[in-house]
Amino acid sequence: MTLPTLPAEAQDFDFFIGRWTVRHRRLRTRGIAATDWDTFASVAECRPLLGGVANVEEQVCADRGWRGAAVRCLDLARREWSIYWISDADGRLQPPVRGRFEDGVGVFEGPDVDGDRPILARYTWTRPADDAPQWSQAFSYDGGATWEMNWIMDFTRRPD
């Protein structure tokens with residue numbers, strides 16, 4: 001059996017495979033132009049699946065008492081990633097954001113809700129050369145005209 005040749009995009013998240021310490025900065029209140037940030041820590045691990053066509057990341061935030069998982073899969077025909085989130089709070093697969101990397105920055109967007117307000121969600125991944133990636137989340141409450149950054153995660157590779 002010969003395995004299929006995968007496009008270069010199958011390596012987009014290779015930088016993130018492994019174990020991480022995570023520094024979170026999250027707005028305490030979203031959608032009102034707040035500036036009060038909450039800072040906390042977690043640990044994360046990302047594992048590849050299917051030769052790079054998918055990966056799964058588990059976040060464990062023991063101090064806050066939650067766990068979550070991101071599932072990322074590459075649509076080979078469109079060469080576009082879909083990113084899904086699952087929280088242990090409800091166990092539901094959330095609607096995906098979709099997008100791709102260009103020049104080392106991945107931008108992924110999709111419709112969602114914040115409480116009961118419809119929003120557009122945007123995840124942005126940066127892959128700096130110093131092996132310290134960053135993820136951020138922004139919401140738009142006005143159909144994409146303006147965006148509010150509400151969560152930033154800075155990752156530091158764990159030596160173990």
Side-chain angles (χ1 to χ4, degrees), residues 3-30 34-76 79-110 112 114 119-139 147-160:
L3 294 175
T5 301
L6 297 175
E9 289 85 357
Q11 297 175 351
D12 281 347
F13 282 99
D14 284 1
F15 72 96
F16 193 54
I17 302 304
R19 295 172 46 88
W20 303 89
T21 298
V22 188
R23 178 179 176 258
H24 297 258
R25 290 172 283 155
R26 182 174 61 184
L27 275 182
R28 291 183 190 274
T29 309
R30 295 182 301 269
T35 58
D36 187 18
W37 292 84
D38 183 26
T39 303
F40 56 97
S42 72
V43 294
E45 182 173 1
C46 184
R47 296 177 302 279
L49 300 169
L50 307 173
V53 172
N55 63 69
V56 63
E57 167 199 352
E58 183 178 17
Q59 285 266 347
V60 177
C61 187
D63 291 346
R64 299 295 168 97
W66 60 262
R67 293 179 197 188
V71 177
R72 301 177 191 90
C73 51
L74 177 63
D75 180 325
L76 293 172
R79 294 185 172 202
E80 177 181 79
W81 287 93
S82 295
I83 303 174
Y84 299 85
W85 179 252
I86 309 163
S87 168
D88 69 347
D90 60 17
R92 285 187 242 146
L93 190 64
Q94 299 301 313
V97 292
R98 292 185 169 90
R100 59 182 43 92
F101 281 88
E102 291 184 21
D103 300 321
V105 177
V107 178
F108 310 89
E109 295 181 359
D112 206 337
D114 183 22
I119 62 162
L120 288 176
R122 176 185 288 162
Y123 298 172
T124 303
W125 275 99
T126 57
R127 302 183 293 197
D130 63 359
D131 198 30
Q134 183 180 78
W135 172 91
S136 63
Q137 174 180 271
F139 289 169
W147 293 88
E148 177 186 68
M149 178 89 58
N150 60 59
W151 201 332
I152 301 167
M153 289 191 277
D154 294 302
F155 294 83
T156 304
R157 192 170 294 279
R158 294 178 62 148
D160 51 8

[X] side chain near [Y] side chain, heavy-atom distance below 4.5 Å:
X	Y	result
M153	Q134	no
V107	V105	yes
W125	F155	yes
P96	W85	no
Q94	I86	no
D63	F40	no
R30	F139	yes
R98	F108	no

Do you know which two heavy atoms are closest between [X] and [Y], and how far apart they sit?
X	Y	value
R157	I17	NH1-O, 2.9 Å
V97	G110	CG1-N, 3.7 Å
A44	V22	CB-CG2, 3.9 Å
I83	Y123	CG2-CE1, 4.1 Å
W147	A121	CZ3-C, 4.0 Å
W37	W151	CZ3-N, 4.1 Å

(request) Return yes when atom CZ of R100 has more than 12 non-hydrogen atoms of other residues, nucleotides or ligands closer than 6.0 Å, and no otherwise. (result) yes
(request) Evaluate whether atom CZ of R28 has more than 12 neighbouring non-hydrogen atoms of other residues, nucleotides or ligands under 6.0 angstrom away. (result)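 Count over threshold, so yes.
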(message) Using side chain to side chain contact (heavy atoms under 4.5 Å, CB included), reason through L27 and M149 one step at a time and then give a plain yes or no.
(response) CA-CA 8 Å; L27 275 182; M149 178 89 58; over 6 Å; no
With rounding to the nearest 0.5 Å, note down the distance linking [atom1] in [X] to [atom2] in [Y].
X	Y	atom1	atom2	result
L50	L6	CG	CG	9.0 Å
D88	C61	CG	SG	10.0 Å
L76	E80	CG	CD	12.0 Å

(message) Run the salt bridge (Lys or Arg N to Asp or Glu O under 4.0 Å) test on D38 and R64 for me, step by step, so that the C-alpha distance in whole Å, both residues' side-chain angles and the decisive distance to 0.1 Å come before the verdict.
(response) CA-CA 12 Å; D38 183 26; R64 299 295 168 97; 2.5 Å; yes
(request) Start with the C-alpha distance between R79 and E9, add both sets of side-chain angles, then the distance that settles side chain to side chain contact (heavy atoms under 4.5 Å, CB included), and finish with yes or no. (result) CA-CA 7 Å; R79 294 185 172 202; E9 289 85 357; 3.5 Å; yes
Between the side chains of [X] and [Y], is a donor N or O closer than 3.5 angstrom to an acceptor N or O?
X	Y	answer
N55	R72	yes
H24	S42	yes
Q59	E57	yes

(message) Closer than 4.0 angstrom, basic N to acidic O: yes or no for D154 and R25?
(response) yes
(message) One pair to check against side chain to side chain contact (heavy atoms under 4.5 Å, CB included): R23 and T39. What are the steps and the verdict?
(response) CA-CA 7 Å; R23 178 179 176 258; T39 303; 4.0 Å; yes
(request) Evaluate the side chain to side chain contact (heavy atoms under 4.5 Å, CB included) criterion for residues T29 and D36: first the C-alpha distance (whole Å), next the side-chain angles of each, then the deciding distance (0.1 Å), finally the verdict. (result) CA-CA 8 Å; T29 309; D36 187 18; over 6 Å; no
(message) Is the distance between the ring centroids of W135 and F16 under 6.0 Å?
(response) no
(message) With a 6.0 Å cut-off on the ring centroids, do W81 and F101 count as close?
(response)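 Centroid separation for W81 and F101: 6.0 Å or greater.
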